[in-house]
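Report on one structure; see the data block that follows.
A, B, ... follow the sequence lines: proteins, then strands. Residue 1 opens every chain. Just the heavy atoms: all of them, side chains too, but no hydrogens, waters or symmetry mates, feed the values below.
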Amino acid sequence: MPHIRTRFAPSPTGYLHIGGARTALFNYLYARHCGGKFVLRIEDTDRKRSTPEAIDAILWSMEWLQLEWDEGPFYQTERMDLYRERIQALLNAGDAYPCVCTPETLDAKRQAALAEKRKPMYDGTCRPPERAAVPLPEGVPYTIRFRSPESGATVVDDKVKGRVEFHNTELDDLILARSDGSPTYNFCVVCDDIDMGITHIIRGDDHLSNTPRQMQLYRALGSEPPVFAHVPLILGEDKKRLSKRHGATSVTAYRDMGYYPDALNNYLVRLGWSHGDQEIFDAREMVEKFDIDAVGKSSAVFNPEKLLWLNAHYLKERPMSRLAEDTLPYLAAKGYPIPEDRSWLEKIVETLRERAKSLVELVDMAHYFLADTVEIDEKAGRKHLVPETRNLLQEVSVRLRNLADFNEDGIEQVFGDIVAERDIKLGKVAQPVRVALTGSTVSPGIYEVIDVLGRGATLARLAASIRYIDTHSSAAK
RNA sequence: GGUCCCAUCGUCUAGCGGUUAGGACGCUGGCCUCUCACGCCAGAAACACGGGUUCGAGUCCCGUUGGGAUCACCA
């Protein structure tokens, strides 16, 4: 295949959302898979809605997802000369003409059509009878319209949808340039895609209906249309197009919630695309195996739970030292001091990684390691920190104080001895200790917890739990 | 409403005329076990409906129904 070129062309009117990210991913993967180029273009012709913040967010998100572009970012606002030149060419050839209809009359006609249940279309008031250049009006505002074929059909040979035929009578003369002279989206895209040599356009299928017009534009501009691949949209749980009201949809939100870019990419690539029964794809495998042929035709519902599962998977796969480092920003976000002893952090993280599905969850679970004191969960305290366990906690405390080798093996020995001597189940002693040390009935293995906490903190908390028993039992009387 | 697209477990999907319709998430049960989680094992769960074509349709065709997209001087 000769020099494949794909592109991602977001409009910076908001953050990069899940759907956009998948489109970008598909374009990126396809380019890489084919050994082609991936270009990034910012479609900012709508100056009113485009913001620098949105541009930053999009670029940041692309980088975070490691969707490296080879060329760009190009900005349409910097390419006005190109559009002007092309419009002039179309005007000269008679493929475009000025239209002096006002927005008001157009709107009135549209309303009337809708009221009569007719399809609202431009009625061709200003369209010249012949395909020939006409003089531009003076003294009145005008738009430039494309003179589209009035008969026949335009067929899109789509790589995912197959052959889709549109009757040209369904297509009216679209506006190429607004009355202020600025070019419109459908026109800019085509100019840019021609100019940038884009060979494959992979985008959401909400653009499918734009495609025949764009193809006509290609031809009027003297170019052959590229290959189109319209991928189905991602839907929310209510089967409606995914949007903000479905909850977290921006890439940055997932970063904030402690997700890995690998997990998000993996989830997204499997939405609408598959490779047999395979679920897990690392970055290299995605590039190797991705192909448009295997992209499905039907839309997919976004399922946060599967994404979470995938994230847990990547969390577990992560090398320990990297994982510990990954938690740093989340620790900071929660206001925890960054532990100076990195190996201690690693020990904490190691006990929690199997239990957490996201970095945020992991950091939350680490609270009893990171805070100076624990808060005893009321229900847990009532059940396990009672006079009957006071003696047991005391015993554990004494033995841990005297333990020569304070490590997991030694700690296990202590518990083993107590259990054997008293002939009780391990749970009888482990649970009260767990509540004393973590404030909760749920935690990693008790030996690990003690080991990570260290002798000092363990003894302090055990002592505190005994005071807790004393105050609570006397208060109960 | 017009045009276009789509249709396998709740969800993501495999299937490309002959399968006990497979996998994954989630769910349920069990095992493991100091709690939780991980892990392991097991289970419930789908071809939207109706016509054709064919010896034989989840697979091909048509219709119905349902869902979605789109109809701007937005992108």
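Taken residue by residue, residues 11-21 of chain A places heavy atoms nearer than 4.0 Å to RNA chain B at A/S11. Against RNA chain B, the stretch residues 441-455 of chain A makes heavy-atom approaches under 4.0 Å through A/T441, A/V442, A/S443, A/P444, A/G445, A/I446, A/Y447.
Between A/F8 and A/F38, the gap from one ring centroid to the other reaches at least 6.0 Å. Taking the six-membered ring for Trp, A/F302 and A/H246 have ring centres at least 6.0 Å apart.
Around the CD atom of A/E375, the shell of radius 6.0 Å holds no more than 12 heavy atoms that belong to other residues, nucleotides or ligands.
Under the Watson-Crick or G-U wobble criterion, with both distances below 3.5 Å, B/G1 is paired with B/C71. Base pairing of B/C32: no nucleotide in any strand meets the Watson-Crick or G-U wobble criterion (both distances under 3.5 Å). A 3.5 Å limit on both hydrogen-bonding distances identifies no Watson-Crick or G-U partner for B/U19.
Checking B/A75, B/G2, B/U35 against the side-chain heavy atoms of A/R49 singles out B/A75 as nearest. Taking every side-chain heavy atom of A/R355 into account, B/C36 is the closest of B/C5, B/G1, B/C36. Which of B/G1, B/A75, B/C38 sits closest to the side chain of A/N210 comes down to B/A75. For A/N303, the side-chain atoms get nearest to B/C25 when compared with the rest of B/C25, B/U3, B/U35. The side chain of A/V164 lies closest to B/C5, out of B/A75, B/G26, B/C5. Side chain of A/N186, nearest nucleotide from B/A75, B/C71, B/C38: B/A75.
Note: A/Y254 and A/Y259 have perpendicular aromatic rings, judged against thresholds of 30 and 60 degrees for the angle between ring planes. Classified by interplanar angle (parallel below 30°, tilted 30° to 60°, perpendicular above 60°), the ring pair A/F26/A/F290 is tilted.
In this structure, the CZ atom of A/R213 is 14 Å from the C1' atom of B/A75, given to the nearest Å. For A/M365 and B/U35, the CE to C1' distance is 14 Å, given to the nearest whole Å. The distance between atom CG of A/L307 and atom P of B/A24, rounded to the nearest whole Å, is 19 Å.
Atom C1' of B/A21 sits at a distance of 8 Å from the matching atom of B/C47, rounded to the whole Å. For the C1' atoms, the distance linking B/C16 with B/U8 amounts to 14 Å, nearest Å. Rounded to a whole angstrom, the distance from the P atom of B/C9 to that of B/A45 is 14 Å. Comparing B/C27 with B/C38, their P atoms are spaced 9 Å from each other, to the whole Å. B/C36 and B/A42: their C1' atoms are spaced 22 Å apart (whole Å). Here, B/G18 and B/A57 have their C1' atoms 9 Å apart, quoted to the whole Å. Atom C1' of B/C71 sits at a distance of 30 Å from the matching atom of B/C61, rounded to the whole Å. Rounded to a whole angstrom, the distance from the P atom of B/U19 to that of B/G58 is 9 Å.
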Output a table of nitrogen or oxygen pairs between the protein and nucleotides 46-50 of chain B separated by less than 3.5 Å.
none

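Among the protein residues, A/D107 comes within range of no part of the nucleic acid, since none of its heavy atoms lies under 4.0 Å from any strand. As judged by a 4.0 angstrom heavy-atom cut-off over every strand, A/K316 is placed among residues touching the sugar-phosphate backbone only. Residue-level contact check: A/D172 touches neither bases nor backbone, having no heavy atom under 4.0 Å from any strand. When heavy atoms are screened at a 4.0 angstrom cut-off, A/E305 is found touching the sugar-phosphate backbone but no base atom.
Each of A/T249, A/L233, A/L235 was evaluated against A/L242; a single residue qualifies, A/T249, per the side chain to side chain contact (heavy atoms under 4.5 Å, CB included) test.
A side-chain donor-acceptor contact under 3.5 Å links A/D173 and A/S148. For the residue pair A/Q413/A/D417, the side-chain donor-acceptor check at 3.5 Å is satisfied.
Between A/K161 and B/C6 there is no side-chain N or O to OP1 or OP2 distance below 4.0 Å.
For the pair A/H167 and A/I175, nearest-nucleotide mapping onto RNA chain B gives the more 5' position to A/H167.
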